[in-house]
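So you know, we letter chains A, B, ... as the sequences are listed, proteins then strands, and number each from 1. Remember, predicted model here, so these are calculated numbers, not experimental data.
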Amino acid sequence: MAFWLVKSEPDAYSWQTFVRDGRSAWTGIRNAQARINLNTMRLGDGVLFYHSQVGKEVVGTATVVREAYPDPTSEDPRWLAVDLAPGAPLPRPVTLTDIKADPELAEMTLIRHTRLSVSPVTDTQYRRVLQRGGSTESG
DNA sequence: GCCAACGTTGGC
DNA sequence: GCCAACGTTGGC
């Protein structure tokens with residue numbers, strides 16, 4: 001099982017909306033590296049849900065509930081989407097500042113490739129984020 | 001095939 | 001609001 005982080009601007013699609021929806025097709029990704037990451041996601045993989053621009057913090061977890069398929073919002077069948085379902089909110093969201101200040105997290109792809117919207121996370125990093133967020137999940 | 005111009009993302 | 005990073009586009 002692998003781990004990932006997805007970004008969303010809360011003004012466009014927030015964690016709260018995601019929870020209310022119960023499931024979401026992760027569409028509109030138009031970046032080659034992000035597409036590779038989408039294509040590598042497997043059912044049941046763990047995902048961190050990050051609020052970019054407004055909040056700048058990891059706010060909850062999600063899981064992959066459908067593996068990559070052609071993004072229905074694109075004419076070009078090479079662009080991919082996955083479906084995600086919400087897991088649990090983090091009792092204490094983990095901010096970008098927290099992540100940068102934590103030596104275990106400062107090397108995250110989130111930090112190294114600021115503009116990548118779908119990025120890999122190591123299992124150590126994943127557990128660390130959950131732990132810092134006060135999650136009672138596996139971490 | 002190079003590279004300048006431009007648009008977008010996202011942190012500050 | 002500004003700017004750095006960086007991907008894309010288009011002229012040559």
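Panel note: side chain A:S8, backbone A:P10; no donor-acceptor pair is recorded below 3.5 Å.
The rotation axes computed at either terminus of the helix from B:dG1-C:dC12 to B:dC12-C:dG1 lie 10° apart, taking five pairs at each end and rounding to 10 degrees.
One interatomic measurement links the two molecules: CG of A:L110 to P of B:dT9, which rounds to 16 Å at whole-angstrom precision. Whole-Å rounding puts the A:W79 CH2 to C:dG7 C1' distance at 10 Å. The separation between A:E9 atom CD and B:dT8 atom C1' is 10 Å, rounded to whole Å. Atom pair A:I111:CD1 and B:dG10:P shows a separation of 13 Å (rounding to whole Å applied). Nucleotide B:dG10 holds its P atom 11 Å from the CG atom of A:L5, rounded to whole Å. Atom C1' of nucleotide C:dC3 and atom CZ of A:R115 are separated by 13 Å, given to the nearest angstrom. Computed from coordinates, the A:L116 CG to B:dG11 C1' distance equals 16 Å when rounded to whole Å. Distance CD (A:Q53) to C1' (B:dC12): 11 Å, rounded to an integer number of Å.
Both A:I111 and A:V94 belong to a common hydrophobic cluster when Ile, Leu, Val, Met, Phe, Trp and Tyr are linked at side-chain heavy-atom distances under 4.5 angstrom.
Checked options A:D21, A:D45, A:V6; the residue passing with A:L84 is A:V6 (criterion: side-chain contact (heavy atoms from CB on, under 4.5 Å)).
At least one cation-pi condition fails for A:R20 and A:F18: the charged atom is not both under 6.0 angstrom from the six-membered ring centre and inside a 45 degree cone around its axis.
Comment: A:R78 does not engage A:D71 in a salt bridge, judged by the lack of any side-chain N to carboxylate O separation of less than 4.0 angstrom.
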request  = Step by step, work out the ring pair (Phe, Tyr, Trp, His ring centres under 6.0 Å) result for A:W15 and A:Y50.
outcome  = CA-CA 8 Å; A:W15 167 258; A:Y50 176 83; over 10 Å; no
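In terms of phosphate contacts, A:K7 brings a side-chain nitrogen or oxygen within less than 4.0 Å of OP1 or OP2 of B:dG10. Regarding contacts with the backbone of B:dG11, a side-chain N or O of A:Y50 is found under 4.0 angstrom from either OP1 or OP2.
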